[in-house]
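Before any comments, here is the structure.
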Amino acid sequence: MPPKRRRYQAVRSAYRPFPLQREAHAAGQRMINFRGGKGSGKTTWACHELMNMARMNPGGRILALSPTYASQNRALIPKIVETFPGAIRFPRGPSGNARRDLGPLAKEWNAAARVLTLWNDSRIFFASADYIASFDGIEAAGVVIDEPKYLTEASWEIVRTRLRQPGYHHRLSMSGEPNMGWIYDEFGPGRDKATRYDVQVSTLDNPHVSDAFKADFESMSERRRTVLRDGGWQAQTGVVYSEEYTPTLEGSLIDVLPEPSRLTWMTCDPGGSPYAAFVQRLEDGTDVVVAEVICNSPRSHEHAQLIVEEANRWKMKIDHLVIDVQARQKDHGTTRPVSGTYLGVLHRAGVLRSTARRWMMCKSAVERHIQTGVDRVRDRLLSPSGVRGLKVAVRLTTRAHHLSLPEDRVGMDRSFRNYHYPDGKPTDKPEKDGITDHAMDAIRYWAVMVHGVLSAADMRERKPAPVPIEAARRTADDIQRPTW
């Protein structure tokens with residue numbers, strides 16, 4: 001007796017791609033790069049690429065790769081719920097009811113393996129670039145990468161070799177903001193057009209984005225608009241913060257002194273010439289770098305003692321600690337991590353509040369990404385709506401303060417004015433000169449850990465209402481859980 005034929009329920013998607021999305025879907029090359037600005041429809045396009053790959057490859061394996069599982073849950077997963085007809089939420093629990101939650105296109109969800117089986121037995125493997133074991137070893141018919149700029153070149157080389165499941169139509173699609181690293185090398189001008197197709201889409205091309213949102217980009221510099229709105233390749237040159245940092249009282253400076261009652265962060269970049277800055281929040285919500293400590297010795301213990309002296313000088317108590325993830329490495333001549341050395345000295349000196357028991361560290365690929373941190377610092381220095389949310393105390397710009405620093409070392413003010421991109425090289429990574437990068441790394445860690453990664457929603461935000469100090473102390477752990 002012949003097997004019964006399967007009956008599929010006809011479903012219709014509400015997705016109506018605009019012309020550039022349609023062009024990228026229709027491209028016949030093996031690799032597609034759909035690059036664009038914030039709010040340009042990149043993730044929506046990526047979700048429909050997943051559906052198209054599954055439709056064309058019954059029984060095949062499709063790899064959905066994000067920089068981290070956290071970014072996947074925040075960006076890609078909600079879009080999948082919006083994309084699947086009849087979906088109400090993503091399946092929950094170890095083996096959630098996929099058909100009930102995601103509609104008729106879904107068949108089964110395996111939470112342990114993060115695998116979604118669809119109506120035609122094709123399977124979507126949800127993986128993280130931060131965890132290579134989540135995708136290494138999978139032979140896939142299709143690959144979709146969301147925000148590829150956060151992937152290292154080594155991760156990319158592994159991913160591209162996964163596209164080899166026998167007997168299927170192979171396609172690799174990427175959607176994200178442009179990057180002058182390996183993405184430019186693969187898809188930039190003059191690259192192989194027979195196997196690679198590059199589509200640039202601007203936020204202005206997306207008819208589903210409001211005019212008010214599009215207008216917010218007009219106050220940006222041309223350099224920032226090229227990347228954040230237009231999705232264009234942009235080889236950065238000159239001083240990094242030349243358009244956002246204005247060393248005047250009308251701009252990025254403010255005449256305040258450290259105050260014990262304010263919410264206080266201490267952000268640190270340990271290493272050869274360790275640097276630390278004290279950042280305090282004013283009543284109107286403005287964050288101010290009020291003090292800094294630079295040490296000539298690479299020994300963490302000596303630098304920590306200087307931090308204690310500066311805190312005691314102004315009677316400051318530290319609410320939260322921010323440090324480079326490399327501080328988990330062993331300290332000089334000890335078996336203790338660098339972070340433990342700092343924490344021990346600060347704790348014994350009594351300069352920590354109860355909230356500062358652990359460090360906040362940039363651990364994930366998204367948080368560690370240099371250009372992501374630079375974008376967040378730029379947004380704090382001067383937001384699209386013209387708000388200056390990060391300033392530097394005037395006392396840190398005086399000649400007396402500069403002379404008090406160790407020889408050949410510069411503080412936050414001079415670092416902001418001289419931190420630059422390398423000459424004669426197409427890149428979006430600033431020069432690591434060993435002089436200005438210490439203060440810039442410290443403020444970058446602080447900006448990302450306290451204010452998060454810059455998103456499309458941030459383009460629309462206006463000056464937030466001031467948060468009471470005690471409330472900020474209670475909720476800081478909710479913003480970003482401190483970790484060793």
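Counting heavy atoms from C-beta outward, L65 and S128 have side chains that stay 4.5 Å or more apart. With contacts defined as side-chain heavy-atom distances shorter than 4.5 Å, the pair K214/V209 qualifies. Between K79 and T44 there is a side-chain heavy-atom pair separated by less than 4.5 Å. A 4.5 Å side-chain heavy-atom check between I254 and V394 finds every atom pair outside the cut-off. Annotation: side chain of R191 is not in contact with side chain of E186 (no heavy-atom distance under 4.5 Å). For the pair S122 and N57, the minimum side-chain heavy-atom distance is 4.5 Å or more. Side-chain contact between L381 and F416: present, with at least one pair of heavy atoms (C-beta onward) separated by less than 4.5 Å. Within the 4.5 Å cutoff, the side chain of M56 has no heavy atoms near those of the Y168 side chain.
Side-chain atoms of D319 come within 3.5 Å of backbone atoms of T264 as a donor-acceptor pair (strictly under, hydrogens ignored). Under a 3.5 Å cut-off, the side chain of S155 and the backbone N or O of L151 do not form any donor-acceptor pair. Looking only at distances, no side-chain donor or acceptor of Q72 sits under 3.5 Å from a matching main-chain atom of I77. The backbone N or O of L204 lies less than 3.5 Å from a partner atom in the side chain of S202, making a donor-acceptor pair. With hydrogens and angles ignored, the 3.5 Å screen pairs no side-chain donor or acceptor of D379 with any backbone N or O of D375.
Residues E23 and Y197 have side chains that bring a donor and an acceptor to within less than 3.5 angstrom of each other. Side-chain contact, Y150 with T372: a donor N or O sits under 3.5 Å from an acceptor N or O. Under 3.5 Å, the side chains of T195 and D192 contain a donor-acceptor pair of N or O atoms. For the residue pair D433 / T436, a side-chain donor-acceptor distance below 3.5 Å is found, with atom types taken as modelled.
Annotation for W359 and S339: closest pair NE1-O, 3.0 Å, computed over non-hydrogen atoms. Shortest non-hydrogen contact noted between F18 and P207 is CD2-CD, 3.5 Å. Residues R444 and G373 approach most closely at CG-CA, 3.5 Å, considering heavy atoms. Annotation for P247 and D413: closest pair CB-OD1, 4.2 Å, computed over non-hydrogen atoms. W119 approaches P104 most closely through the heavy-atom pair CB-O, 4.0 Å. Of all the heavy atoms in A24 and V199, the pair that sits closest is CB-CG2, 4.0 Å.
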> Is there a side chain to side chain contact (heavy atoms under 4.5 Å, CB included) between M174 and I32 once you walk through the steps?
Replying inline: CA-CA 6 Å; M174 308 194 311; I32 314 297; over 6 Å; no

>> Using the rule given for side chain to side chain contact (heavy atoms under 4.5 Å, CB included), can you reason through V374 versus V240, listing the C-alpha separation, both sets of side-chain angles and the distance that settles it, and then say yes or no?
In response: CA-CA 8 Å; V374 168; V240 176; 3.7 Å; yes

>> The test is side chain to side chain donor-acceptor pair (under 3.5 Å); show your working for S134 and R114 and say whether it passes.
In response: CA-CA 9 Å; S134 66; R114 291 184 71 91; over 6 Å; no

> Step by step, would you call V201 with Q21 a side chain to side chain contact (heavy atoms under 4.5 Å, CB included)?
Replying inline: CA-CA 8 Å; V201 58; Q21 287 178 325; over 6 Å; no

>> side chain to side chain donor-acceptor pair (under 3.5 Å), that's the test. Do R388 and S252 meet it? Break it down for me.
In response: CA-CA 7 Å; R388 294 188 180 273; S252 303; 3.2 Å; yes

>> Between L50 and I62, does the side chain to side chain contact (heavy atoms under 4.5 Å, CB included) criterion hold? Intermediate values first, please.
In response: CA-CA 7 Å; L50 278 174; I62 313 299; 3.6 Å; yes

>> Walk me through whether Y275 and E292 qualify under side chain to side chain donor-acceptor pair (under 3.5 Å).
In response: CA-CA 7 Å; Y275 175 92; E292 57 188 356; 2.6 Å; yes

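Ion pair R380/D287 flagged as a salt bridge, since at least one NZ, NE, NH1 or NH2 atom sits closer than 4.0 Å to an Asp/Glu carboxylate oxygen. Salt bridge status for R35 with E177: absent, with no side-chain N to carboxylate O gap under 4.0 Å. A salt bridge links E49 with R171: the closest approach of a Lys/Arg side-chain nitrogen to an acidic carboxylate oxygen falls below 4.0 angstrom. A salt bridge does not link D230 to R225: none of the charged nitrogens lies less than 4.0 Å from a carboxylate oxygen.
Ring pair H48/H25 is perpendicular by interplanar angle, where above 60° counts as perpendicular and below 30° as parallel. Relative ring orientation between F126 and F90 is described as perpendicular, the plane-to-plane angle rising above 60° on a 0-90° scale split at 30° and 60°. Classified by interplanar angle (parallel below 30°, tilted 30° to 60°, perpendicular above 60°), the ring pair W45/F34 is parallel. The aromatic rings of Y241 and Y419 lie parallel to each other, their planes meeting at an angle below 30°, with 60° marking the opposite boundary.
To the nearest 0.5 Å, the span separating CZ on R164 from CD on E139 amounts to 4.5 Å.
Between F135 and Y131, a ring centre-to-centre spacing not shorter than 6.0 Å is recorded.
With M31 as the fixed residue, the side-chain contact (heavy atoms from CB on, under 4.5 Å) test singles out one of L172, L163, V143: L172.
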